[in-house]
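Structure record follows, encoded as structure tokens.
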There are 2 protein chains.
Amino acid sequence: MITFSEENYLKAIYHHSKDYPNGVSTNAIAKSMCTKASSVTDMLKKLSEKKLVNYKKYQGVLLTKQGEKKAVNLIRRHRLWEVFLLEKLNFTWDEVHEVAEELEHIKSEKLINELDRLLDFPKKDPHGDPIPDKDGNFTKDIKVLLSTLNEKETGICVGVNDTSTDFLKYLNKQNIAIGKHITVVEKEVFDGSILIKIEDNQFYISHQIAKNLFLQLQ
Amino acid sequence: MITFSEENYLKAIYHHSKDYPNGVSTNAIAKSMCTKASSVTDMLKKLSEKKLVNYKKYQGVLLTKQGEKKAVNLIRRHRLWEVFLLEKLNFTWDEVHEVAEELEHIKSEKLINELDRLLDFPKKDPHGDPIPDKDGNFTKDIKVLLSTLNEKETGICVGVNDTSTDFLKYLNKQNIAIGKHITVVEKEVFDGSILIKIEDNQFYISHQIAKNLFLQLQ
DNA sequence: ATAAGTTTTTAGTCTTATCTAAAAATAAAA
DNA sequence: TTTTATTTTTAGATAAGACTAAAAACTTAT
Ligand SMILES: [Mn+2]
Ligand SMILES: [Mn+2]
Ligand SMILES: [Mn+2]
Ligand SMILES: [Mn+2]
């Protein structure tokens with residue numbers, strides 16, 4: 001039996017391993033989970049015992065095949081619940097994450113596969129992230145940060161890099177959402193802010209915003 | 001913050017207090033929760049600290065107003081999830097309880113009130129038990145055990161006293177379900193078994209079965 | 001009323017998941 | 001290549017929840 005805590009660690013390691021493919025550091029995990037490095041070390045030993053991670057002292061950690069399978073399945077559950085909350089229970093996209101953090105740990109395969117069916121096998125969650133199918137397969141399409149676009153380029157908003165409530169609420173207010181076409185009109189060199197155009201509206205966004213928005217190039 | 005474990009104890013005390021209105025015994029709680037009396041004592045002290053129960057050593061325990069409110073809300077959540085699993089996710093009535101035991105602990109008022117709406121504000125769960133509304137109100141209708149009926153009497157099946165998988169599977173097999181009309185044809189004095197009639201089928205059920213089926217008299 | 005039996009509580013231990021503080025290993029600078 | 005700084009691990013403590021064994025309190029029965 002795997003505990004809530006173990007599952008959360010596997011998920012965090014999975015996400016970090018995209019950026020650090022030859023070993024995720026103890027500190028990185030601690031920071032993203034709002035815990036202490038010593039707690040992480042303890043957990044890594046336990047996960048290693050259970051053959052869910054490959055871990056050697058001071059060398060960083062990576063998921064085993066088995067660990068990755070569990071992490072991907074957890075992400076599947078999380079994202080399906082997010083879709084459910086948005087589509088069926090009238091939650092907004094900035095509200096879904098918090099509750100999905102709890103729901104994702106419910107242990108029932110039938111539950112999650114039936115939920116998948118109820119939602120008509122969605123491919124993306126409310127933040128534009130792909131939902132793995134029951135075998136763990138999912139397509140990750142090419143997306144780039146808005147901050148990397150040049151002037152005159154256009155893309156479709158496909159996801160966010162930051163899913164914090166504050167950020168999502170800001171996007172709601174500015175009418176920025178998944179599926180919207182965004183054109184870079186002008187880039188301000190001084191502070192990195194960008195003048196963008198969405199549906200005939202032009203306004204400035206800060207660099208901080210631009211580097212948390214994913215676009216698919218046209 | 002209330003923990004999963006604390007919630008489970010409150011629920012157990014709530015259910016027992018119907019039978020022991022002047023104090024639920026430590027042993028009764030231990031037995032129904034498959035734990036030990038000493039563990040129960042520890043928890044009663046903690047719940048007492050939190051003003052969720054009135055507890056004095058050796059005197060049994062009862063819920064405070066506040067504790068009862070929490071227990072009833074937990075039961076609301078449990079039963080709404082059971083309806084959801086049956087109606088939306090194709091679970092059978094013998095499968096719903098186990099998963100609902102986990103789902104009931106998810107903490108979000110919006111979640112549960114929206115779920116209530118999605119299900120069209122159901123009044124009964126799959127086992128015939130009443131679902132409290134968001135203010136904790138529910139009607140408990142008069143129901144009697146099949147074992148207490150006399151020969152020739154008829155009633156509508158409205159609930160079960162035992163929700164174990166084994167029992168519910170037996171009922172499925174015998175085509176006994178909520179809403180069915182059941183007539184007592186003959187009562188066998190020797191072993192307490194009863195010959196019943198459901199939709200033109202007659203067959204014997206044991207006394208053990210009869211004392212776990214609730215009927216509403218016609 | 002006393003003894004025997006039952007229930008409940010206490011005392012002490014274990015596991016899981018945290019934390020702080022200090023030691024050890026690694027990485028960066030001088 | 002030493003010294004310094006940073007990262008990581010160990011050691012020891014704490015809190016929640018559960019357990020066993022034994023003591024204490026209540027109930028029955030003689
Ligand atoms: Mn999320
Ligand atoms: Mn998401
Ligand atoms: Mn149930
Ligand atoms: Mn039920």
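The sequence lines fix the lettering, A, B, ..., with proteins before strands; numbering per chain opens at 1.
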For nucleotides 24-28 of chain D, list the nitrogen or oxygen atoms of the protein found under 3.5 Å from its nitrogen or oxygen atoms, one pair per line.
{"residue": "D/dA25", "atom": "O4'", "partner": "B/Tyr58", "partner atom": "OH", "Å": "3.2"}

Could you check whether [X] gets within reach of a base, just the sugar-phosphate, or nothing at all, counting any heavy atom under 4.0 Å?
{"X": "B/Phe4", "result": "nothing"}
{"X": "A/Ser39", "result": "base"}
{"X": "B/Lys31", "result": "nothing"}
{"X": "B/Ser5", "result": "sugar-phosphate"}

Please state how far atom [atom1] in [X] lies from atom [atom2] in [N], giving the value in whole angstrom units.
{"X": "A/Asp42", "N": "D/dT10", "atom1": "CG", "atom2": "P", "value": "9 Å"}
{"X": "A/Leu47", "N": "C/dT16", "atom1": "CG", "atom2": "P", "value": "12 Å"}
{"X": "A/Tyr9", "N": "C/dT16", "atom1": "OH", "atom2": "C1'", "value": "11 Å"}
{"X": "A/Lys45", "N": "D/dA11", "atom1": "NZ", "atom2": "C1'", "value": "10 Å"}
{"X": "A/Lys56", "N": "D/dT8", "atom1": "NZ", "atom2": "C1'", "value": "16 Å"}
{"X": "B/Met43", "N": "C/dT8", "atom1": "CE", "atom2": "P", "value": "17 Å"}
{"X": "A/Leu44", "N": "D/dT7", "atom1": "CG", "atom2": "C1'", "value": "14 Å"}

side-chain contact (heavy atoms from CB on, under 4.5 Å) between A/Ile209 and A/Gln174: does it pass, once the steps are laid out?
CA-CA 11 Å; A/Ile209 301 295; A/Gln174 303 298 336; over 6 Å; no
Compare side-chain N and O positions of [X] against OP1 and OP2 of [N] and report whether any pair is under 4.0 Å apart.
{"X": "A/Lys36", "N": "C/dT18", "result": "no"}
{"X": "B/Ser25", "N": "C/dT7", "result": "no"}
{"X": "B/Ser38", "N": "C/dT8", "result": "no"}
{"X": "B/Tyr55", "N": "C/dT9", "result": "yes"}
{"X": "A/Asn27", "N": "D/dT6", "result": "no"}

B/Ile13: which of B/Asn8, B/Val40, B/Val53 passes side chain to side chain contact (heavy atoms under 4.5 Å, CB included)
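Single pass found, and it is B/Val53.
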In terms of side-chain heavy atoms, does [X] have a donor or acceptor partner in [Y] at a distance below 3.5 Å?
{"X": "B/His127", "Y": "B/His97", "result": "no"}
{"X": "A/Asp125", "Y": "A/His78", "result": "no"}
{"X": "A/Asn27", "Y": "A/Ser25", "result": "no"}

Salt bridge B/Glu6-B/Lys70, side-chain N to carboxylate O under 4.0 Å:
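Between B/Lys70 and B/Glu6 there is no salt bridge, as every charged N stays at least 4.0 Å from the carboxylate O atoms.
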Keeping the roles fixed (side chain from B/Glu68, backbone from B/Lys65), state whether a donor-acceptor pair exists under 3.5 Å.
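Looks like no, no N/O pair under 3.5 Å.
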